[in-house]
Amino acid sequence: MLQQTRIAAVLPYYDRFLAALPTVHALAAAPQEQVLSLWSGLGYYSRARNLQRAAQEIVANHKGKFPRDLEAALALPGIGRYTAAAVLSIAYDAPFAVLDGNVARVLARLFAVHGDLREPARWRRLGEAAQNLLAQSPAGDWNQAVMELGETVCTPQTPRCATCPVSQFCRARALRLTNEIPAPRRKRAPVKIKIAAAIFRDPRGRTILLRDPGAHDHVLFSRMWQFPAVEVRRDPAAELAKHLQDELGPVAASLILEPLRPAKHTVTFRNITLLPYLARVSRLPKSVRIRVLPLDRLHQLPVSSATRKLAASVLSQ
DNA sequence: AATCCGGGGAC
DNA sequence: GTCCCAGGATT
């Protein structure tokens, strides 16, 4: 959960996840839909799929215990250098240094490393530097201490050098380069997209969700349950109406699409304007690919945050 | 080596 | 608004 995600954002998910699936055996045996529902809203959903696959491999091949061997850990889906080092050092006191965004920033300032830290050759050197510093024991405590130093003291903006325990060794500070190091991560230019979505509602307050309706909006909805939706350009209502007929058939022919308040959503480099349309119907469309459920019970299914925002636009009006 | 994948909290 | 997060997989 912590991969590229702040601790504060993870905590409530972590608590709910462990309460529902407290053991590796429970996780391995759970329906994938339950795992994804527990992850719903946290993002990077391949992590959830990989975590469950890893649990299944651990049960099948490692007697239900996370492997102590580095190579075996790296062979698990979703376990890379960082996570393997973190788990093995914290759980088993194995002598592997972690390198994450926090550690990289601390080391880059300590040694005044210029350039993009994520560039593979530079990242590898930083990993070697981290390993060379790992003379302390227990290794897990050392690793967590360096990460926490980065999180709380050696922060990206306005680091708290006055309270830093290693400021006297810091080359970036000596050179007055703490604001220039590390170099900012280069990012892809943002792209603007408009997505129109139809939120059906029957007299009992129920709606429909689909899965895998088309390739174009997978990015936004993460291949999970979603409202019928389509990317639109000039005439959102008309383009959505056409899409609904293609998706759902003639049942969608004479719908009245009532525009609701647009919402903003960002997925990596895409700036998305969500255009919700309420479709009041006496009877919901039926199909094997359709799930019917109350509009205020979306958390029962795996959905992305975009789907939650769309539902909220109806519930708030 | 590049690119992709979510979401939100801090500033 | 901007930045970046206890990264990993895929191409």
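By convention in this document, chain letters (A, B, ...) are assigned in the order of the sequence lines, proteins followed by strands, and residues within each chain are numbered from 1.
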Peer 1: Sequence neighbours excluded, which residues qualify as side-chain hydrogen bond (donor to acceptor under 3.5 Å, both in side chains) partners of A/S305?
Peer 2: none
Peer 1: Indicate, with a heavy-atom threshold strictly under 4.0 Å, whether A/T158 touches base, sugar-phosphate, or nothing.
Peer 2: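 Answer is nothing: A/T158 stays at 4.0 Å or more from every strand.
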Peer 1: With A/T5, which residues qualify under side-chain hydrogen bond (donor to acceptor under 3.5 Å, both in side chains), at least two apart?
Peer 2: A/R47
Peer 1: What residues form a side-chain hydrogen bond (donor to acceptor under 3.5 Å, both in side chains) with A/S304, not counting sequence neighbours?
Peer 2: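 Partners of A/S304 under the side-chain hydrogen bond (donor to acceptor under 3.5 Å, both in side chains) test: none.
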Peer 1: For A/L257 versus A/A237, what's the shortest heavy-atom pair and its separation?
Peer 2: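 Closest approach of A/L257 to A/A237: CD1-O, 3.8 Å.
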Peer 1: For A/F269 and A/A306, find the nucleotide of DNA chain B closest to each by heavy atoms; which residue's nucleotide sits nearer the 5' end?
Peer 2: A/F269
Peer 1: Provide the full list of side-chain hydrogen bond (donor to acceptor under 3.5 Å, both in side chains) pairs with a residue in residues 98-119 of chain A, sequence neighbours left out, each pair given once.
Peer 2: A/D100-A/N102, A/N102-A/R105, A/E119-A/R122
Peer 1: If you compare every side-chain N and O of A/R270 against the phosphate oxygens of B/dG6 (OP1, OP2), does one of them come in below 4.0 Å?
Peer 2: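 No, A/R270 has no side-chain N/O under 4.0 Å of OP1/OP2 on B/dG6.
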Peer 1: On DNA chain B, compare the nucleotides closest to A/A9 and A/A121; which residue's is nearer the 5' end?
Peer 2: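 Its nucleotide being nearer the 5' end, the pick is A/A121.
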Peer 1: Taking the side chain of A/R160 as its heavy atoms from C-beta onward, which of C/dA6, B/dC11, B/dG8 lies nearest to it?
Peer 2: B/dC11
Peer 1: Could you go over nucleotides 9-11 of chain C and give all protein N or O partners under 3.5 Å, atom names and distances?
Peer 2:
unit_1	atom_1	unit_2	atom_2	d
C/dA9	OP1	A/G78	N	2.7

Peer 1: Given B/dG6, is OP1 or OP2 found less than 4.0 Å from the side-chain N or O atoms of A/H265?
Peer 2: no
Peer 1: Can you tell me how far C1' in C/dA6 sits from the matching atom in B/dT3, rounded to whole Å?
Peer 2: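 These two C1' atoms come out 23 Å apart once rounded.
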Peer 1: Side chain of A/Q144 only, please: which of C/dG8, C/dA6, B/dG6 is the nearest?
Peer 2: C/dA6
Peer 1: Please report the distance, rounded to the nearest Å, between CG in A/L11 and P in B/dG7.
Peer 2: 19 Å
Peer 1: What is the nucleic acid contact for A/G41, judged by heavy atoms within less than 4.0 Å: base, sugar-phosphate only, or nothing?
Peer 2: sugar-phosphate
Peer 1: Give me the residues of residues 122-131 of chain A where at least one heavy atom lies under 4.0 Å from an atom of DNA chain C, by number, or none.
Peer 2: none
Peer 1: Take atom CG of A/L42 and atom C1' of B/dC5, then tell me their distance rounded to the nearest Å.
Peer 2: 13 Å
Peer 1: Any salt bridge (charged side-chain N to carboxylate O under 4.0 Å, His left out) involving residues 249-261 of chain A? Give me the pairs, sequence neighbours left out, ordered by first then second residue.
Peer 2: A/E258-A/R280
Peer 1: Quick one: which of C/dG8, C/dA6, B/dG6 gets closest to the side chain of A/D100?
Peer 2: C/dA6
Peer 1: Whether the A/R308 and A/S40 side chains hold a donor-acceptor pair (N or O, under 3.5 Å, no angle test) is what I'd like checked.
Peer 2: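 The criterion, which ignores hydrogens and geometry beyond distance, is satisfied for A/S40 and A/R308.
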Peer 1: Taking the C1' atom of each, how far is B/dG8 from C/dA9, in whole Å?
Peer 2: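 Pairwise C1' distance, B/dG8 against C/dA9, rounds to 23 Å.
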Peer 1: List, with names and distances, any nitrogen or oxygen atoms from the protein found under 3.5 Å away from nitrogen or oxygen atoms belonging to nucleotides 1-5 of chain C.
Peer 2:
unit_1	atom_1	unit_2	atom_2	d
C/dC3	OP2	A/K187	NZ	2.8
C/dC4	O2	A/R6	NH2	3.1
C/dC5	OP1	A/R105	NH1	2.9
C/dC5	OP2	A/R118	NH2	3.3
C/dC5	OP2	A/R185	NH1	3.4

Peer 1: In whole Å, measure the gap between the P atoms of B/dG6 and C/dT11 for me.
Peer 2: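 Those two atoms are separated by 15 Å.
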Peer 1: Which part of the nucleic acid does A/T83 contact within heavy-atom distance under 4.0 Å: base, sugar-phosphate only, or nothing?
Peer 2: sugar-phosphate
Peer 1: Would you say the side-chain atoms of A/E33 and A/W225 include a donor-acceptor pair closer than 3.5 Å?
Peer 2: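 A/W225 and A/E33 do have a side-chain donor-acceptor pair below 3.5 Å.
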Peer 1: Connecting only ILVMFWY residues whose side-chain heavy atoms lie within less than 4.5 Å of each other, what is the rest of A/L177's hydrophobic cluster?
Peer 2: A/L175, A/I181
Peer 1: Would you list the atom pairs, donor with acceptor, under 3.5 Å between side chains in residues 159-166 of chain A and any protein atom, with sequence neighbours excluded?
Peer 2:
unit_1	atom_1	unit_2	atom_2	d
A/T163	OG1	A/R160	O	3.2

Peer 1: Side chain of A/S222: nearest nucleotide among C/dG8, C/dA6, B/dG6?
Peer 2: B/dG6
Peer 1: To the nearest Å, give me how far apart CD (A/E151) and C1' (B/dG9) are.
Peer 2: 12 Å
Peer 1: Check side-chain hydrogen bond (donor to acceptor under 3.5 Å, both in side chains) between A/T273 and all other residues, then give those that pass, not counting sequence neighbours.
Peer 2: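 Partners of A/T273 by the side-chain hydrogen bond (donor to acceptor under 3.5 Å, both in side chains) criterion, ordered by chain and then number, come out as A/K264.
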Peer 1: Pairs under 3.5 angstrom only: tabulate donor-acceptor contacts from the side chains of residues 57-77 of chain A to other protein residues two or more places apart or in another chain.
Peer 2:
unit_1	atom_1	unit_2	atom_2	d
A/D69	OD2	A/E71	N	3.4
A/D69	OD2	A/A72	N	3.1

Peer 1: Can you check the A/M1 CE to C/dG8 P distance for me, whole Å?
Peer 2: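 Spelled out: CE on A/M1 to P on C/dG8 is 16 Å.
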